[in-house]
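Encoded as C-alpha cells, the structure appears first; notes follow it.
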Amino acid sequence: MPWLPHTERDRREMLEALGVDSVDELFAEIPEKLRESARPDLPPPLTEMELLDHAGALAAQNRTLDELTCFAGGGIYDHFIPAIVHSVTSRPEFVTPYTPYQAEASQGTLQAMFEYQTMICELTAMPIANASLYDGATALGEAVLLAANSTRRSRALVSAALSPAARRATRTYCEATGLEVVEIPWDDESGQTDLGELAKMLDDEVACVALQQPNYFGVLEEVAEAGEQAHEAGALFVAMVEPISLALLTPPGEYGADLVVGEGQPLGLLPGYGGPLLGIFACRDEFLRRMPGRVVGRTVDAAGEEAYCLTLQTREQHIRRGRATSNICTNEGLCALAAAVYMAALGPEGLREVALLGAERAHDLREKLVAAGLEPRFAGPYVNEFVLRVAGDAEALVRELAGAGYLVGPTLARDYEELDDCLLLAATERRTVEEIDGLVAAMRS
Amino acid sequence: MADPTLFDISQRGKRCTRMPAPEKGAEELIPAQHLRAQAPGLPEVSEPEIARHYATLAAQNFNVDGHFYPLGSCTMKYNPKVNEALAADPGWARLHPATPEEHVQGALRLMHQLEAWLCAILGMDAVSLQPPAGAAGEFTSLRVFRAWHDSQGNTQRTRVIVPDTAHGTNPASVARCGWTVTVLESGDDGRVSPEALADALDDDVAALMLTNPNTLGLFEAQVLQIAEMVHDAGALMYCDGANMNALLGHGRPGEMGFDAVQVNLHKTFSTPHGGGGPGSGPIGVTAELEPFLPVPRLVEQDGRLAWDWDRPESIGKVQSWFGNFLVAVRAWAYIRACGADGLAQVARDAVLAANYIRASLEDVYDLPYPGACMHECVLSARTIAEETGVRAADIAKRLLDHGIHPPTMYFPLIVDEALMIEPAETETKAALDRFIEVMREIAREAAADPEILHDAPHSTPVRRVDEVKAARNPILRWQGR
C-alpha cells in the first residue's frame with residue numbers, strides 16, 4: 001500500500017499509548033459475524049507501474065475525440081481548451097482542499113469563486129450567480145423547484161424541445177414533491193417551442209415556464225415572447241442557456257428570465273464521458289435567499305481589510321437541515337474554477353470568436369449537406385447545432401460514420417418518436433473545412 | 001488583505017488565447033433580434049497575468065498536500081497523484097458520452113468493474129454510479145425507496161426517522177423526496193436506542209436513515225437488531241456511507257441489513273475534494289430495489305457492455321449522462337491499487353490514528369462519549385469555554401496559526417463546543433504527534449492568554465473574517481472600485 005506512511009513500529013507505539021494490544025480491539029463493537037465476512041472479493045493490488053499499463057490497455061479500447069472527428073453535440077461539445085486551464089486546475093492547492101468553510105484558510109478558492117460568479121453574471125446579464133451545481137440537468141430541476149416554492153404553484157411547463165436529460169432529471173426532482181411537470185410541444189416546421197400552445201397551457205397553477213436557448217434541436221427560441229407570456233400568467237420564466245453562445249446571443253437578463261441555468265461543460269471542461277460537468281445557476285435579486293448551493297460573498301476581516309467567505313449559509317442543509325433550500329453539499333468547485341480560467345483566457349473577444357467560428361462551421365456544414373441532397377429537419381434559426389434527417393436508421397448511420405472516423409449525434413429516437421430518422425450535428429471552432437468536407441462526403445456515400 | 005481580482009487588473013485589448021479570425025460576422029449567420037448589443041464584461045488579461053493571479057490565490061489555500069486537514073466526517077485523505085494522471089489521460093478524458101458503445105468498451109468496462117467492486121465492498125447487489133455527490137446519492141436512494149413503497153401500495157409511508165447526530169444533508173434529502181423527518185434522540189451512549197426507535201416506528205414510516213459509524217465516530221453496535229425492527233415495521237434501512245472509511249474490510253452495510261447505501265468517492269476512495277467538488281456518490285442497493293435505479297443501466301451481453309434504457313420502474317435521471325465518470329476513474333484506480341487487504345489496512349490505520357488522538361487529548365479536552373471510537377473522535381471544549389471563555393471556534397482558528405486545518409466544529413449538534421477530528425490514515429505519526437502537542441498548547445494558552453485565541457488566526461492571509469457582515473450585506477459579484 002503506497003499511501004500508508006506508518007511503520008509497524010509507529011503502529012505499535014500508538015497501540016501502547018492507547019493501552020490496547022491489537023487494532024482488532026478497536027473494531028470490537030462490530031459484531032464478529034459481520035467482521036468475518038467483510039473481506040471483499042477484489043482483484044490483487046497493482047503497483048503504480050502495473051496500474052498505468054493495465055489502465056492504458058483498457059483505455060485503448062476507447063476511441064477518443066483525438067481519433068473520432070467530433071460533430072456530436074447534445075450538450076457536450078469538443079471545444080479547444082487553452083493549456084493555462086489545466087495548469088491552474090491541476091494545482092494541488094485548488095485540487096485537494098475541502099469546501100471553503102474556513103474562510104481564513106481558503107481565500108484562494110473563495111476569491112476564485114467570487115470571480116467565477118461575476119463572470120457568470122456578466123455572461124447572463126443576471127445580478128446573482130451561485131458557485132455551481134452538479135450539471136445543467138440538475139440545475140434545471142433546482143430552478144423549477146425554486147419557482148414552485150416561490151410562487152406556491154404546483155405545475156411547471158417545460159418545453160419538449162429542451163434537453164431530454166434535463167427534463168428527466170427535473171421530473172425525478174419534482175414529482176416526488178407533488179409538483180407536476182408538463183411538456184410544451186414544439187412546432188414541426190421551425191423546431192421552436194409552440195408559443196400558441198403555451199398560451200393555452202398557462203393558468204394560475206403554473207409556477208414557471210422553462211425554455212432552452214438554443215433549444216435541444218439547436219434552434220433559437222422566441223424567448224422574449226415566451227417570457228412575456230409566463231409573466232402575464234404570474235409564472236416565472238426559466239431560461240436554460242449554452243454559455244459560449246452567450247458571447248453572441250441576447251443574454252437572458254435582457255429577455256426577462258427570472259432564473260437562468262445551463263451546462264457549463266463548453267467553458268473549458270473535458271468531455272469526460274459526460275462527467276464531471278458544471279451546473280450554471282443565476283437568478284434575479286429577489287430569489288437571493290431561496291437559491292440552492294454555495295455562494296461566496298465579499299466582506300472584511302477583523303482588521304477591516306477586504307476578504308471573502310461563503311455566505312447566506314442559513315439557506316443550506318448544514319444549518320437549516322430539513323428546511324434548507326436544497327440538499328446540495330459538495331458541488332463542482334474545481335469545474336467552476338476551470339470555467340473561470342477559461343473565460344479569463346478567452347476574454348470577451350476570444351469567446352466571441354469561439355462562438356462565431358462554431359456558428360460559421362455549422363452553417364458551412366449545413367449548406368454543404370443541403371447541396372449534397374440531405375435535409376435539415378427544422379427551418380428555425382440556429383447557431384452551431386442542428387437536426388438532420390437521414391434516410392433510414394439514424395442509429396446505424398451513427399455507427400457507420402464512427403467506423404469512418406466521424407462522431408455525430410446523439411440520435412433523437414429515444415426521446416422523440418417522431419424524430420426517429422434524425423440526429424444532431426454540431427460544429428465548434430476546432431472543426432476545419434477539410435473535416436467538414438470529409439463528413440459530407442462520408443454522409444453522401 | 002485580498003488580492004486584486006481579474007476584473008481589477010483587466011485592461012482593454014489585452015488577450016491570452018487567440019483564435020483564427022472568423023470570416024463572417026454574427027449578423028450574417030444569426031437573425032439580428034437574437035444578437036446581444038454589448039459584449040459580456042469578462043476580464044481582458046494576458047496569460048502571464050492569469051498564471052500569476054492563480055498562483056497568488058493558490059498560495060492562500062490550506063490543502064491536503066500542504067497541511068494536516070483533520071476535518072471530521074470529510075475524510076480528507078491524501079489524493080494519489082497517479083489517479084490525477086489517469087483522469088487527465090485523453091483515453092478517458094476525451095470521450096464524448098454520445099459515442100456508440102462499441103467504441104467506449106474500455107470506459108464501460110471500467111464502470112462495470114467499479115460497480116462490481118463497490119458491490120463487494122458494500123455487500124450490496126447492485127450499484128449505480130450516476131449520483132454526482134453524496135447528498136445526490138442520499139436523494140437518489142430515497143427516491144428509489146419511494147418508488148419501491150409506491151410499487152407496494154405503501155403510499156401512507158411518508159415519514160423518515162433520522163437520528164439527531166445525522167449530517168444536515170439527511171433531513172434535507174428527505175424533504176426533497178416530499179417526505180417528513182422525525183428526529184430520533186440519541187441514547188446516552190451516543191447511539192440509536194432500540195427503545196426510542198420502537199416508539200418512533202409506525203405504519204407511516206418509510207425508512208430509517210442511519211450513519212454508521214455515526215458522526216460521533218461510534219459504531220451503531222445494535223445495527224442488526226435495529227434493521228430487524230425497521231424491516232418488521234415495513235420500512236427500509238438507509239445507510240449514510242459518508243463514514244465508510246472506518247468499515248473497509250471490517251463490515252459491509254448489506255450484511256448489516258441496509259437496503260441502500262451511498263459512498264462518497266471523494267472521501268473513502270481518495271478522489272480529491274476540489275475545493276468543493278466534483279465529488280461522486282454512487283449508491284448500492286439490494287436486488288429488490290435494483291429495478292428502480294436511475295437510467296440507463298450498464299448491462300453485459302456476450303462479453304459486450306451496453307446501456308439499457310428500457311427500465312420502466314426507474315426513478316429517471318439524477319445527472320445528465322452516466323455520473324461523474326472521471327471521478328470514478330480515480331476511485332477505480334485507488335481500489336485496484338489497494339486490493340482487499342490494502343483497503344482493510346486503510347480502515348485499521350484510520351481508526352488507530354483517531355484513537356491515538358483521542359487518548360492523547362482526553363485529559364485536556366472533554367470526551368463526551370468515553371471509550372474507543374472509530375475513524376473520528378468528537379472532543380468538546382465545554383470545560384475550557386466555561387473556565388476561560390475560549391470557544392471551539394477560537395481553538396479552530398488558532399490551529400490555523402500552526403498550519404493545521406481545523407476539525408469540524410459545532411457538529412454533531414448534540415455535543416456542546418464540539419471538535420470533530422478525523423485524521424484519516426495518510427498522516428505520519430510525527431504529524432499526529434505534532435497535532436496533539438499543538439492542541440495541548442492551545443489548551444494551555446486558553447488558560448494563560450485567552451486573548452491570543454479570541455484574536456486568532458494571526459498568520460493567515462486575512463484575519464478572522466466577518467461572516468455576519470457578509471450575510472447582512474451580500475456582495476456576490478465584483479462591482480468595480
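In what follows, chains are A, B, ... by sequence order, proteins preceding strands, each numbered from 1.
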Ignoring hydrogens and angles, state whether a donor on the side chain of A/Thr96 or B/Asn79 is under 3.5 Å from an acceptor on the partner side chain.
no
Pairing donors with acceptors under 3.5 angstrom, does anything connect the side chains of A/Asn327 and B/Ser173?
yes
When heavy-atom pairs shorter than 4.5 Å are enumerated against chain B, which of [options] gives the highest number?
| options | value |
| --- | --- |
| A/His54, A/Arg11, A/His86 | A/Arg11 |
| A/Ile128, A/Leu356, A/Val398 | A/Leu356 |
| A/Leu288, A/Val300, A/Ile319 | A/Val300 |
| A/Val23, A/Leu52, A/Thr314, A/Asp41 | A/Val23 |
| A/Pro44, A/Pro127, A/Ala324 | A/Pro44 |
| A/His318, A/Arg91, A/Gln117, A/Arg35 | A/Arg91 |

Side chains of [X] and [Y] in contact at under 4.5 Å (non-hydrogen atoms):
| X | Y | value |
| --- | --- | --- |
| B/Ser320 | A/Leu277 | yes |
| B/Glu44 | A/Glu349 | no |
| B/Phe62 | A/Gln102 | no |
| B/Met256 | A/Leu34 | yes |
| A/Gln107 | B/Asp3 | no |
| A/Val354 | B/Thr17 | no |
| B/Pro20 | A/Glu429 | no |
| A/Pro276 | B/Leu326 | yes |

At a 4.5 Å cut-off on heavy atoms, which part of [X] comes close to chain B: side chain, backbone, both, or neither?
| X | result |
| --- | --- |
| A/Ala166 | neither |
| A/Glu25 | neither |
| A/Glu316 | neither |
| A/Val20 | neither |
| A/Leu407 | side chain |
| A/Arg352 | neither |
| A/Val296 | backbone |
| A/Ser326 | both |
| A/Thr109 | both |
| A/Leu65 | both |
| A/Thr311 | side chain |
| A/Tyr134 | side chain |
| A/Leu51 | side chain |
| A/Ser37 | both |

On a heavy-atom basis, which atom in [X] and which in [Y] lie closest, and how many Å separate them?
| X | Y | answer |
| --- | --- | --- |
| A/Ala38 | B/Gly251 | CB-N, 3.2 Å |
| A/Leu346 | B/Arg15 | O-NE, 4.2 Å |
| A/Cys329 | B/Thr169 | CB-CG2, 3.8 Å |
| B/His96 | A/Cys70 | CD2-SG, 4.0 Å |
| A/Asn62 | B/Gly106 | OD1-N, 3.0 Å |
| A/Leu42 | B/Ala120 | CD2-CB, 4.5 Å |

Between [atom1] on residue [X] and [atom2] on residue [Y], distance to nearest 0.5 Å:
| X | Y | atom1 | atom2 | result |
| --- | --- | --- | --- | --- |
| A/Leu58 | B/Trp92 | CG | CH2 | 4.0 Å |
| A/Gln111 | B/Tyr54 | CD | OH | 9.0 Å |
| B/Asn63 | A/Ser106 | CG | OG | 10.0 Å |
| B/Phe7 | A/Glu115 | CZ | CD | 6.5 Å |
| A/Tyr308 | B/Leu57 | OH | CG | 8.5 Å |
| B/Asn324 | A/Cys335 | CG | SG | 7.0 Å |

Using a 4.5 angstrom heavy-atom cutoff, name the option from [options] with the most pairs to chain A.
| options | value |
| --- | --- |
| B/Gly323, B/Ala88, B/Ala344, B/Ser360 | B/Gly323 |
| B/Lys469, B/Arg143, B/Glu425 | B/Arg143 |
| B/Ala359, B/Pro278, B/Gly316 | B/Pro278 |
| B/Thr460, B/Leu35, B/Ile30, B/Asn61 | B/Asn61 |
| B/Gly41, B/Gly91, B/Pro90, B/Pro97 | B/Pro97 |
| B/Gly249, B/Ala26, B/Ala221 | B/Gly249 |

Quick one, A/Arg321 with B/Val181, criterion side chain to side chain contact (heavy atoms under 4.5 Å, CB included). Give me CA distance, side-chain angles, the key distance, then yes/no.
CA-CA 10 Å; A/Arg321 299 178 74 83; B/Val181 175; over 6 Å; no
Using a 3.5 Å distance criterion without hydrogens, assess whether the side chain of [X] forms a donor-acceptor pair with backbone atoms of [Y].
| X | Y | value |
| --- | --- | --- |
| A/Glu360 | B/Lys24 | yes |
| A/Thr330 | B/Gly279 | no |
| B/Arg36 | A/Leu123 | yes |
| A/His6 | B/Asp349 | no |

Could you check whether atom CD of B/Glu23 has more than 12 heavy atoms from other residues, nucleotides or ligands sitting under 6.0 Å from it?
no
Sidechain N-carboxylate O distance under 4.0 Å for B/Lys397, A/Glu104:
yes
Quick one: do A/Glu305 and B/Arg463 make a salt bridge, cutoff under 4.0 Å?
no
Identify which part of B/Glu138 has an atom lying under 4.5 Å from any heavy atom of chain A, answering side chain, backbone, both or neither.
neither
What orientation do B/His250 and A/Phe27 show, parallel under 30°, tilted 30 to 60°, or perpendicular over 60°?
parallel
